Amino acid sequence: MKQLISRLKGDKGIWSFVALLALFSFMPVFSASSNLAYLGHGTGNTLGYLLKHLAHIGCGFAIIYYVHKIPYHYFRSISKWLLPVVWVVLAITMIKGTVIGGANASRWLQIPFVGISFQPSAFAALVLFVFVARYLSKTRTAPIDFLESLKELWLPVFITLIFILPSNFSTTALIFSMILMLVFIGKYPMKYIGFIVGSGIVFLTFFVLISKAFPDAKFFSRVRTWESRIENFSTDKPDEDDYQIEKAKIAIASGKIYGLGPGKSVQKNFLPQSSSDFIYAIIVEEYGLIGGLGVLFLYLLLLFRFVIASHKANTLFGKLVVIGLGFPMIFQAMINMAVAVELLPVTGQTLPLISSGGTSIWMTCIALGIIIGVTKKEEEIEQEQKEAARREEALQRLIDAELASEEQQKNESYSIEDKMANPMNAVLNK
């Protein structure tokens with residue numbers, strides 16, 4: 001184990017908090033999967049779901065390990081070439097997407113001959129954040145030209161978001177808000193940001209109006225769901241989402257301070273997405289307020305390590321990559337918790353590293369691998385600087401010793417002191 005840990009490079013704090021969240025996830029997933037087990041094969045045996053989650057987490061940590069070995073600056077050019085591939089995959093998903101796990105939106109794509117389904121929007125978000133960081137970190141001798149940025153930055157961003165929007169508004173809004181935060185930190189001019197925000201609002205309004213004109217079109221089928229969720233959130237009108245929220249609030253209220261105990265949740269049998277979207281409610285029910293705050297505290301500690309890693313990065317690209325990949329992870333966790341306590345409408349965002357599901361875990365692990373790769377680079381630079389300092393000290397000691405030896409020899413060779421009693425003794429004796 002010590003040998004394995006010694007091979008892990010980068011920020012040890014990030015490694016530790018990620019491992020704690022992943023280890024903690026097994027008990028809630030094992031407990032909350034009972035309703036899926038009853039619906040799937042009627043036995044209620046959740047061992048298969050636990051093993052599946054174990055496989056997802058195991059593959060996730062393997063992804064983190066191998067990705068963090070790749071120099072992070074390689075992703076700078078990779079993001080540019082992957083973006084067109086992402087557009088093709090998103091277009092295929094829009095046309096041939098499938099419904100997975102009872103979800104009411106076709107946002108999943110099944111890989112042929114493998115049988116594995118994944119959510120392309122999660123991968124698209126990952127590529128897009130790195131792409132935006134790449135653009136903002138480009139060396140410029142003149143201020144940013146708005147027309148040039150429209151073509152090089154915002155056109156690819158809006159093309160990607162247009163592909164995601166029809167099936168997943170919450171993910172689109174999350175990606176767009178995180179990109180706005182990233183360009184603000186990257187010192188993109190505020191007047192241009194205001195124009196982009198206004199353009200986004202106008203486009204969304206236009207999209208909704210078109211959906212009203214073509215209510216039966218499949219492309220706009222999710223608009224009615226968005227409207228109903230917002231309306232039900234503001235008016236408490238009962239529907240399926242309100243049912244989920246009510247069960248989540250009952251679970252949270254039942255947990256009280258110390259919780260009912262691991263595996264003793266009652267509402268897991270009634271919540272449709274108890275192991276994914278509403279797993280935080282099950283955590284609070286079983287582990288109480290202490291468990292809920294503990295999970296929140298772990299995410300805040302992870303955010304703190306992201307801030308430190310961004311501050312230590314010696315390149316602008318490294319700083320922006322850590323912010324662009326780390327902050328959305330924490331923001332998504334906050335959204336999931338806020339939905340469980342009805343601070344936000346139902347969005348369908350999972351709890352990173354805890355909720356069950358392969359795509360969300362693996363995409364999160366790719367992001368973590370890149371972030372740790374940035375911290376690994378800083379660690380390597382620091383180690384090289386220490387090694388250079390030690391070599392310089394050793395070289396200086398050798399030089400000082402050599403100079404002292406030469407000085408001693410000089411004093412002995414040119415001494416004018418006559419230590420012989422009679423200089424002619426050698427001749428007289430002979």
Side-chain angles (χ1 to χ4, degrees), residues 11 13-29 32-33 52-65 67-68 101 107 118-130 168 170-171 173-175 177-178 181 273-284 287 291-307 309 321-341 344 346-372:
D11 192 298
I14 296 178
W15 277 109
S16 302
F17 298 139
V18 168
L20 286 174
L21 286 169
L23 288 173
F24 175 76
S25 71
F26 286 100
M27 284 302 295
V29 168
S33 299
K52 186 177 180 181
H53 184 67
L54 175 62
H56 289 158
I57 291 292
C59 291
F61 271 86
I63 289 171
I64 296 177
Y65 177 79
V67 171
H68 100 288
R107 58 185 71 165
F118 75 104
Q119 199 169 359
S121 59
F123 180 63
L126 194 69
V127 174
L128 199 58
F129 291 141
V130 179
N168 200 335
S170 61
T171 299
L174 175 62
I175 294 173
S177 60
M178 290 296 99
M181 178 203 68
Q273 302 294 331
S274 57
S275 64
S276 53
D277 297 354
F278 287 93
I279 196 169
Y280 187 70
I282 305 303
I283 291 173
V284 177
Y287 300 93
L293 291 178
V295 171
L296 174 61
F297 186 61
L298 279 177
Y299 282 113
L300 292 178
L301 287 176
L302 193 57
L303 174 64
F304 178 69
R305 294 309 307 176
F306 289 156
V307 173
V321 162
V322 173
I323 294 171
L325 297 179
F327 281 34
M329 198 182 306
I330 308 302
F331 195 61
Q332 180 181 334
M334 299 303 169
I335 290 176
N336 179 278
M337 298 177 195
V339 168
V341 297
L344 291 174
V346 177
T347 60
Q349 297 296 325
T350 58
L351 196 59
L353 296 171
I354 293 182
S355 294
S356 62
T359 303
S360 60
I361 292 175
W362 295 340
M363 293 303 109
T364 300
C365 289
I366 291 175
L368 287 168
I370 297 174
I371 291 172
I372 294 174

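If you're wondering where the values come from, they're calculated on a predicted model, not measured in any experiment.
With contacts defined as side-chain heavy-atom distances shorter than 4.5 Å, the pair Phe24/Leu353 does not qualify. With contacts defined as side-chain heavy-atom distances shorter than 4.5 Å, the pair Ile354/Tyr280 does not qualify. With a 4.5 Å cut-off on side-chain heavy atoms, Ile323 and Phe306 do not count as touching. Counting heavy atoms from C-beta on, the side chains of Val346 and Phe278 come closer than 4.5 Å.
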Under 3.5 Å, side-chain donor or acceptor atoms of residues 334-341 against the rest of the protein: list the pairs with distances, not counting sequence neighbours.
residue : atom : partner : partner atom : Å
Asn336  : ND2  : Asp277  : O            : 2.9
Asn336  : ND2  : Gln349  : O            : 2.7

Intermediate values then yes/no, side-chain contact (heavy atoms from CB on, under 4.5 Å), Asp11 and Ile372:
CA-CA 6 Å; Asp11 192 298; Ile372 294 174; 5.8 Å; no
Could you walk me through whether Ile282 and Tyr287 pass the side-chain contact (heavy atoms from CB on, under 4.5 Å) check?
CA-CA 8 Å; Ile282 305 303; Tyr287 300 93; over 6 Å; no
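With sequence neighbours left out, Thr364 forms a side chain to side chain donor-acceptor pair (under 3.5 Å) with no residue at all.
The distance from atom CD1 of Ile330 to atom CG of Leu298, rounded to the nearest 0.5 Å, is 10.0 Å. Note: Ile57 CD1 to Trp362 CH2 = 11.0 Å, rounded to the nearest 0.5 Å. We find the OH-CH2 distance between Tyr65 and Trp15 to be 8.5 Å, quoted to the nearest 0.5 Å. The CD1 atom of Ile64 sits 10.0 Å away from the CD1 atom of Ile371 when rounded to the nearest 0.5 Å. Taking CG of Leu302 as the reference point, atom OH of Tyr299 lies at 8.5 Å (rounded to 0.5 Å). A distance of 9.0 Å separates NE2 of His53 from NE2 of His56, quoted to the nearest 0.5 Å.
Between Thr171 and Ser121, the side chains place no donor N or O within less than 3.5 Å of an acceptor N or O (distance only, hydrogens not considered).
Residues Thr359 and Ala122 approach most closely at CG2-CB, 4.1 Å, considering heavy atoms. For the residue pair Phe17 and Arg305, the shortest heavy atom distance occurs at CE1-CG, 3.5 Å. In plain terms, the two heavy atoms of Ala22 and Phe61 that are nearest each other are CB-CE1, 3.6 Å. Contact record, Pro28 with Ile279: CB-CD1, 3.9 Å, taken as the closest heavy-atom pair.
Under the 3.5 Å distance criterion, the side-chain polar atoms of Gln332 are matched with a main-chain donor or acceptor of Thr350.
Residue Phe304 places its CZ atom among 12 or fewer non-hydrogen atoms of other residues, nucleotides or ligands, all under 6.0 Å distant.
In summary, of the residues considered (Ser274, Ser25, Ser275), a side-chain hydrogen bond (donor to acceptor under 3.5 Å, both in side chains) with Ser356 occurs for Ser275 alone.
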